Amino acid sequence: MVSRVIPVDSFDLVIFGGTGDLARRKILPGLFRRFRSGQMPEDARIIGAARAEMDDEGYRQLIADAVEEFGGEEKADAEGLKQFLGRLHYVPIDAKGDGGWPELAALMRDGVIRAFYFSVGPSLFGDLAERLHTHSIADEQSRIVVEKPFGRDLASAQQLNADLAAHFGEHQIYRIDHYLGKETVQNLMAVRFGNVLFEPLWNSHYVDHIQITVAETVGVGGRGSYYDQSGAMRDMVQNHLMQLLCLIAMEPPAQYDADRVRDEKLKVIRALQPLQPHQVVRGQYDAAGGDPSYRDDVENPRSHTESFIALKTHIANWRWAGVPFYLRTGKRLKARTSEIAVVFKDLGHTIFEGDTARHRNILAIRLQPNEGMDLQVTIKEPGPGGMRLVDVPLDMTFADALGPDQEQVPDAYERLIMDVIRGNQTLFMRGDEVEAAWAWTDPIIAGWEARHDVPKTYDPDTQGPEDAMMLMHRDGRRWREIREEFKRRPGPATTVGSGIHDPEDDPVQPPVQQPRKAGE
Ligand code: NAD
């Protein structure tokens, strides 16, 4: 299957923070891939703007090195890279002063889309917005892209929204959440709203519960000082997991367009029941095998910041009444995997004599690795011996299903930047969504801070703290195992996992809790 590349209109894209880690690791290598795909028009330009003093040639060399270090197979295309680098320019700029702004203004062309990517810390968002306005660099058609974190609580998010709104309309502001740019996430909407099969079952009559997992194997090393001020709730749940929850739970929008989709997501966030302390488990990874603990990584021996969180929440509306949503995310876990699993209810009655297992259909949507979906269904185990049942996945890994051309499908950042140029805000967060999400997380965070709540320690390379297991076990359910492949292989008849906790067939043993060291 050949993916169609539709060229975008010509643009000048200014990347503030164009020398930074995000620009070098994701944004520029991604833009090079879009260039190679033919999606960038001949005369489109990318202008790096950052503190460092350098000229166009210096910037081109910096980005050539970045593509070499962080790019994929595209870096073998030396001729393409040379042409791409020819599209790059650079302006040294002072976000808080006047230096560089007249030069940037002089460089911008009329008659093309002007987009400005704020790949800098949020403390500079207001300064950049103001200077784009006062130096008449931005016009009514211009777009700005802002990176996470969008605030650290409701008050700071409101302030950022106000700072941007002073100079840009909401229709010009693209708050990026790269999870929304993932192919699978968009496929979630295609599957729900493009098939007759699923939507009738997508409610409390048929769904037992929903699990959302984003597990990482890496620790916080390298970004410890930022992370220790943030924690898993602010860094992951308030934005990425919340966005996934919204897409899975929202009502069908009347149309697939930016405001209708975002209206429906906002309703979900507003319908979330307030979190109670007993519905949340916080964890911090311990040291193991010579690897540092969380506290070593952040160089703060008394840190109470969580590197893991598991929680249970409910959405107070008719569709989801009584259906728990379990969310978890953490660092230094067993595998790097992300998935959403919709676990359907048991059959009310079985006609197969001797079949005692609780078979459940599970729709698992994998974000990584191997973006794709599988639907666990119950079938007859092949061969003689009567009607023995087995649960197997109907697997659709996109790379397999859609063929080798799938390699050319843009990654999340590339797709989202092209959406900015196209003026499509559907996969970006609106200001009121972000504020509503903070309004939900603020009280629970404030509670931890007031109580000096101490996270549970967990061993690296495990499923997280034992209490997280208990959060589901108490409800007679269990987490799906975090492992390299979420794909379930056919197991022996009638013993494949069902989503219901059954100690006999539970491959996920809670890790042994390590006592905290004396004096902590
Ligand atoms: P970085 O520290 O590597 O780079 C910061 C950039 O901002 C540099 O180019 C620097 O020159 C520029 N800058 C800083 N102060 C400036 C000033 N006063 N005037 C002009 N330019 C100035 O940061 P990063 O890791 O690239 O992150 C950028 C933003 O993206 C941050 O908000 C970060 O939270 C967010 N983000 C980063 C990642 C990542 O993987 N690095 C992932 C998600 C979000």
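First listed ligand is number 1; within each ligand, the first listed atom is number 1. The shown structure was predicted, so the numbers you read here are calculated from the model rather than taken from an experiment. Note that the numbering runs from 1 along the sequence shown for the chain.
Against a heavy-atom cut-off of under 4.0 Å, Arg25 is close to the following atoms of ligand 1: 39 (C), 40 (O), 41 (N). Near Pro149, meaning under 4.0 Å from one of its heavy atoms, ligand 1 places the atoms 34 (O).
Atom 43 (C) of ligand 1 has Glu147 OE1, 3.7 Å as its closest protein atom, hydrogens excluded (heavy atom only). Given atom 19 (N) of ligand 1, the protein heavy atom at minimum distance is Ala95 N, 2.9 Å. Of all protein heavy atoms, the one closest to atom 27 (O) of ligand 1 is Leu22 CB, 4.3 Å. Protein heavy atom at the shortest distance from atom 34 (O) of ligand 1 is Lys148 O, 3.1 Å. Scanning the protein for heavy atoms near atom 31 (C) of ligand 1, the closest one is Val120 O, 3.5 Å. Of the protein's non-hydrogen atoms, Gly20 CA, 3.3 Å is the one closest to atom 4 (O) of ligand 1. Nearest non-hydrogen protein atom to atom 3 (O) of ligand 1 is Asp21 N, 2.8 Å. Remark: minimum distance from atom 8 (C) of ligand 1 to any protein heavy atom is reached at Thr19 OG1, 3.6 Å.
Note on Arg480 versus Glu339: salt bridge recorded, some NZ/NE/NH1/NH2 to OD/OE distance being below 4.0 Å. The pair Glu74-Arg34 does not meet the salt-bridge criterion, since no charged nitrogen lies less than 4.0 angstrom from a carboxylate oxygen. Using a 4.0 Å cut-off between charged side-chain N and carboxylate O, Glu433 and Lys265 make a salt bridge. Looking at Asp153 and Arg234, no side-chain N of the basic residue comes within less than 4.0 Å of a carboxylate O on the acidic one, giving no salt bridge. A salt bridge does not link Asp297 to Lys331: none of the charged nitrogens lies less than 4.0 Å from a carboxylate oxygen.
For Tyr90 (side chain) and Ala50 (main-chain N/O), a donor-acceptor pair under 3.5 Å exists by modelled atom type.
The aromatic rings of Phe84 and Phe35 sit tilted relative to each other, their planes meeting at an angle between 30° and 60°.
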Inset, instruction - With side-chain contact (heavy atoms from CB on, under 4.5 Å) as the test, would you mind laying out the steps for Leu311 and Ile444 before giving the verdict? - result: CA-CA 11 Å; Leu311 63 85; Ile444 193 90; over 6 Å; no
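If you look at Arg51 next to ligand 1, the close heavy atoms, those under 4.0 Å, come from the backbone and the side chain alike.
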